[in-house]
Amino acid sequence: RTTTAKALLALPRAGQLTKLSELCLHNASSLQAALQTVHRLGIGAFRIMSPLFPRKTHPDVGYRITDLPDGDTILAALEACRSFAHGQQIRLSFHPDQFVVLSSPNPEVVASSVQELAYHGWLAEKLGADLINIHAGGVYGDKQAALQRLGEVFADLPEPVQSRLTLENDDVSYTPQDLLPFCQKHRIPLVYDVHHHRCNPDQLEIEAATEQAAELWTSRGGEQYCHISSP
């Protein structure tokens, strides 16, 4: 269930908050049901959709959960999700949308991306999620300069984001060979996507990329994520 920012802007602020409260409560309840289904099916990991709380960081209709009429009930639902996932050993993660680009040369894009990640960090703390996975972004004509900007922004991210952030190779711009030195320097785990690697290959063999990614995870105490099998 989604509502566009344009539709919300047509409402007075009280009406906006009432509509958003309804959507957020529905989504939080749906997450509880989804986690129960995940457990029933014997699945041990679940990626939570980023728009769990729609338009949360929108410049004109953004809000805090405590602003919403059902705020206390929504927060209680998040706590119930956290307790259930922890009790059933379900690992929770996020993969923010493609507009989160920390390597952009545009300061407004970076500021918006940091704000969106701060929301994910807050939500990850509420839900007990372990990971916030992103791509490195665009190349902008100079891959190394883009990664340099990414490193500078990463250093200033809020702790709830910085401690959970991971990078993933993509199928167009950044290969494992591009990202591994950066991840090693900044101690950021690499989420190695073998399918993206096949689409966007480099000089690394799949086995070598897998092993080097696993080493990054174990160096951060993430052995539980290092399930290596033959492709």
Side-chain angles (χ1 to χ4, degrees), residues 1-35 38 45-86 90-104 106-135 137 150 153-154 156-168:
R1 300 170 64 183
T2 60
T3 297
T4 66
K6 184 177 180 180
L8 288 168
L9 286 169
L11 299 172
R13 185 56 174 167
Q16 291 176 8
L17 295 176
T18 297
K19 182 62 177 177
L20 288 163
S21 187
E22 174 192 336
L23 293 171
C24 291
L25 182 57
H26 172 84
N27 290 350
S29 300
S30 295
L31 178 58
Q32 288 181 282
L35 292 176
V38 164
F46 185 73
R47 178 191 290 176
I48 302 169
M49 292 290 290
S50 293
L52 184 71
F53 296 148
R55 316 303 170 191
K56 179 75 168 61
T57 62
H58 191 279
D60 297 316
V61 298
Y63 54 93
R64 298 170 299 180
I65 298 301
T66 52
D67 295 332
L68 305 179
D70 298 305
D72 290 344
T73 306
I74 293 166
L75 291 173
L78 295 186
E79 178 58 34
C81 289
R82 176 191 180 101
S83 297
F84 183 83
H86 178 75
I90 302 170
R91 299 195 305 268
L92 303 179
S93 64
F94 290 94
H95 193 350
D97 294 321
Q98 70 278 2
F99 57 78
V100 173
V101 184
L102 297 181
S103 59
S104 173
N106 185 331
E108 292 182 0
V109 171
V110 173
S112 176
S113 299
V114 171
Q115 184 182 24
E116 188 70 14
L117 286 176
Y119 153 63
H120 281 81
W122 171 83
L123 194 50
E125 287 202 315
K126 290 293 183 184
L127 290 166
D130 298 325
L131 307 178
I132 302 172
N133 184 44
I134 64 171
H135 294 286
L150 175 59
V153 176
F154 172 76
D156 291 330
L157 288 174
E159 193 282 331
V161 179
Q162 197 175 94
S163 62
R164 292 175 171 88
L165 200 70
T166 61
L167 280 183
E168 180 183 347

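Basis for what follows: all heavy atoms, side chains included, without hydrogens, waters or symmetry-related copies.
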> For the atom pair CD1 (I134) and CG (L102), what is the distance rounded to the nearest 0.5 Å?
Replying inline: 4.5 Å

> Counting only heavy atoms not in D72, do more than 12 sit closer than 6.0 Å to its CG atom?
Replying inline: no

>> Is any side-chain heavy atom of L20 closer than 4.5 Å to one of K56?
In response: no

> If you draw a 6.0 Å radius around NE2 in H58, do more than 12 non-hydrogen atoms from other residues or ligands fall strictly inside?
Replying inline: yes

>> Do D70 and C24 have side chains that approach each other closer than 4.5 Å (heavy atoms only, starting at C-beta)?
In response: no

> Do V161 and V114 come close enough that some side-chain heavy atom pair is under 4.5 Å?
Replying inline: no

> What is the minimum heavy-atom distance between P96 and S50, and which atoms define it?
Replying inline: CA-OG, 3.3 Å

> Where do I74 and S21 come nearest, in terms of heavy atoms and distance?
Replying inline: CD1-O, 3.9 Å

>> If I compare all heavy atoms of Q162 with all of L157, which pair ends up nearest, and what's the gap?
In response: NE2-O, 3.7 Å

> Hey, mind stepping through S83 and E79 against side chain to side chain donor-acceptor pair (under 3.5 Å) and telling me if it holds?
Replying inline: CA-CA 6 Å; S83 297; E79 178 58 34; 3.3 Å; yes

> Which heavy atom in T57 sits nearest to a heavy atom in Q115, and how many Å separate them?
Replying inline: O-OE1, 3.7 Å

> Nearest 0.5 Å, what's the CD-OG distance between Q32 and S29?
Replying inline: 5.5 Å

>> Evaluate L31 against F46 for side-chain contact (heavy atoms from CB on, under 4.5 Å), listing each step before the verdict.
In response: CA-CA 10 Å; L31 178 58; F46 185 73; 3.7 Å; yes

>> Once rounded to the nearest 0.5 Å, what's the spacing between atom CG of D60 and atom CD of Q16?
In response: 8.5 Å

> If you look only at pairs with a residue in residues 108-131, which of them pass as a ring-ring contact (aromatic ring centres under 6.0 Å, His included), with sequence neighbours excluded?
Replying inline: F94-H120

> Can you check whether S112 reaches E108 side chain to side chain, under 4.5 Å on heavy atoms?
Replying inline: no

> Quick check: does any side chain N or O of S104 sit under 3.5 Å from a backbone N or O of V110, one acting as donor and the other as acceptor?
Replying inline: no

> Who passes salt bridge (Lys or Arg N to Asp or Glu O under 4.0 Å) against D97, sequence neighbours left out?
Replying inline: none

>> Do L167 and L150 have side chains that approach each other closer than 4.5 Å (heavy atoms only, starting at C-beta)?
In response: yes

> Nearest 0.5 Å, what's the CG-OG distance between L127 and S93?
Replying inline: 11.5 Å

> Are side-chain heavy atoms of L23 and L8 found at a separation under 4.5 Å?
Replying inline: no

> Can you name the side chain to side chain donor-acceptor pair (under 3.5 Å) partners of N133, sequence neighbours left out?
Replying inline: T166, E168

> Hey, are the side chains of N27 and P51 touching, using non-hydrogen atoms and a 4.5 Å cut-off?
Replying inline: no

>> If we count only N and O atoms by modelled type, under 3.5 Å, do the side chains of E22 and T18 hold a donor and an acceptor together?
In response: no

> Hey, mind stepping through L78 and L52 against side-chain contact (heavy atoms from CB on, under 4.5 Å) and telling me if it holds?
Replying inline: CA-CA 11 Å; L78 295 186; L52 184 71; 4.3 Å; yes

>> Can you confirm whether R13 sits close enough to Y63 that some side-chain heavy atom of one is under 4.5 Å from a side-chain heavy atom of the other?
In response: yes

>> Working to the nearest 0.5 angstrom, can you tell me the gap between L92 CG and I48 CD1?
In response: 4.5 Å

> About how many Å separate CZ of F53 and CG of L123, when rounded to the nearest 0.5 Å?
Replying inline: 5.5 Å

> Considering all heavy atoms of both residues, which atom of I132 and which atom of P160 are nearest to each other, and what is their separation?
Replying inline: CD1-O, 4.4 Å

> Which heavy atom of R164 sits nearest a heavy atom of A129, and at what distance?
Replying inline: NE-O, 2.8 Å

